[in-house]
Amino acid sequence: QVQLVESGGGFVLAGGSLRLSCAASGRTFSNYAMGWFRQAPGKEREFVATISWTARSWISATTTYANSVKGRFTISRDNAKNTVYLQMNSLKPEDTAVYYCATPLTSARVPVREDEYHYWGQGTQVTVSS
């Protein structure tokens, strides 16, 4: 059974940084893409970033970002630790949300739609104050 556990959320002032982590278990981590989504109060869940699978050492990861976070957020993965990260810099109040990591059921290379993902973590709260 695939399990995803996020950590690293918290409270930060605008302009600050946070790093989210998501530890995965239950299958071969490197064979699957990993993504981050977020849901702000009263809004629908939205895509933040995704990183492709890297099942072979010669395959470089491909990353994709939502326009709203491009240049500020960086997604990365450590296959040895079965963990995906989201480094968030220059945080803004509008980044306040519950952040979820997710992974698809299949080996889609760079999934960006919510319906392409099957397994979800419980979420971690990020609050950015001005």
Side-chain angles (χ1 to χ4, degrees):
Q1 182 179 356
V2 176
Q3 290 191 322
L4 303 174
V5 179
E6 301 101 334
S7 61
F11 178 92
V12 64
L13 296 177
S17 298
L18 282 174
R19 188 177 82 154
L20 306 183
S21 301
C22 173
S25 61
R27 64 181 186 181
T28 304
F29 179 75
S30 60
N31 288 353
Y32 298 91
M34 297 295 297
W36 286 96
F37 288 74
R38 67 185 182 186
Q39 187 168 22
K43 295 187 177 181
E44 295 193 351
R45 190 155 55 185
E46 64 176 3
F47 168 76
V48 174
T50 187
I51 185 166
S52 63
W53 47 259
T54 54
R56 298 292 183 268
S57 59
W58 61 85
I59 298 175
S60 300
T62 298
T63 57
T64 302
Y65 298 92
N67 288 335
S68 59
V69 306
K70 202 172 294 184
R72 299 188 298 123
F73 290 11
T74 302
I75 188 172
S76 61
R77 66 189 298 158
D78 185 337
N79 291 338
K81 296 182 178 180
N82 290 353
T83 300
V84 63
Y85 303 97
L86 185 68
Q87 178 67 44
M88 306 184 295
N89 298 329
S90 302
L91 282 162
K92 305 175 182 179
E94 51 263 44
D95 294 319
T96 295
V98 177
Y99 283 71
Y100 299 90
C101 73
T103 188
L105 183 64
T106 65
S107 57
R109 179 78 173 139
V110 190
V112 296
R113 299 192 320 267
E114 186 174 347
D115 63 2
E116 294 182 281
Y117 288 83
H118 185 77
Y119 300 102
W120 295 83
Q122 81 288 352
T124 186
Q125 177 70 46
V126 172
T127 302
V128 185
S129 174
S130 57

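Just so it is clear, the model here is predicted, and its values are computed rather than measured.
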How long is the straight-line distance from [atom2] of [Y] back to [atom1] of [X], given to the nearest 0.5 Å?
X: Asp95; Y: Thr127; atom1: CG; atom2: OG1; result: 11.0 Å
X: Arg72; Y: Ser90; atom1: CZ; atom2: OG; result: 7.0 Å
X: Ile75; Y: Thr62; atom1: CD1; atom2: OG1; result: 11.5 Å
X: Asn79; Y: Thr54; atom1: CG; atom2: OG1; result: 3.5 Å
X: Asp78; Y: Ser30; atom1: CG; atom2: OG; result: 11.0 Å
X: Ser130; Y: Leu13; atom1: OG; atom2: CG; result: 9.0 Å

Problem set entry | Side-chain donor/acceptor of Thr50 to backbone N/O of Pro111, under 3.5 Å |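 Pair found, side chain donor or acceptor close to backbone of Pro111.
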Problem set entry | Glu6 side chain to Leu20 backbone, donor-acceptor under 3.5 Å | no
What is the minimum heavy-atom distance between [X] and [Y], and which atoms define it?
X: Ala40; Y: Thr96; result: CB-O, 3.6 Å
X: Gly9; Y: Val126; result: CA-CG2, 4.2 Å
X: Gln125; Y: Val98; result: OE1-CG2, 3.2 Å
X: Lys43; Y: Gln39; result: O-NE2, 3.1 Å
X: Ala33; Y: Arg77; result: CA-NH1, 4.0 Å
X: Ala102; Y: Leu4; result: CA-CD1, 3.7 Å

Common cluster, [X]/[Y], ILVMFWY with side-chain heavy-atom separation under 4.5 Å:
X: Leu86; Y: Val12; result: yes
X: Tyr100; Y: Ile51; result: no
X: Tyr65; Y: Val48; result: yes
X: Phe73; Y: Phe11; result: no
X: Val128; Y: Tyr99; result: yes

For this session: Just do the side-chain contact (heavy atoms from CB on, under 4.5 Å) check on Phe29 and Met34 with the steps written out, would you?
Result: CA-CA 9 Å; Phe29 179 75; Met34 297 295 297; 3.8 Å; yes
For this session: Could you check if a side-chain atom of Arg27 sits within less than 4.5 angstrom of a side-chain atom of Thr103, using non-hydrogen atoms only?
Result: yes
Problem set entry | Non-hydrogen side-chain atoms of Met88 and Trp36 separated by less than 4.5 Å |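 Result no, sub-4.5 Å side-chain heavy-atom pair not found.
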Problem set entry | Centroid separation Tyr119 to Tyr32 less than 6.0 Å |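 Ring-ring flag for Tyr119/Tyr32: false, centres at least 6.0 Å apart.
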Exercise. Between Phe37 and Tyr117, what is the ring plane arrangement, given parallel below 30°, perpendicular above 60°, and tilted in between?
Worked result: perpendicular
For this session: Run the numbers on Trp53 and Arg109 for side-chain contact (heavy atoms from CB on, under 4.5 Å), then give the verdict.
Result: CA-CA 6 Å; Trp53 47 259; Arg109 179 78 173 139; 3.6 Å; yes
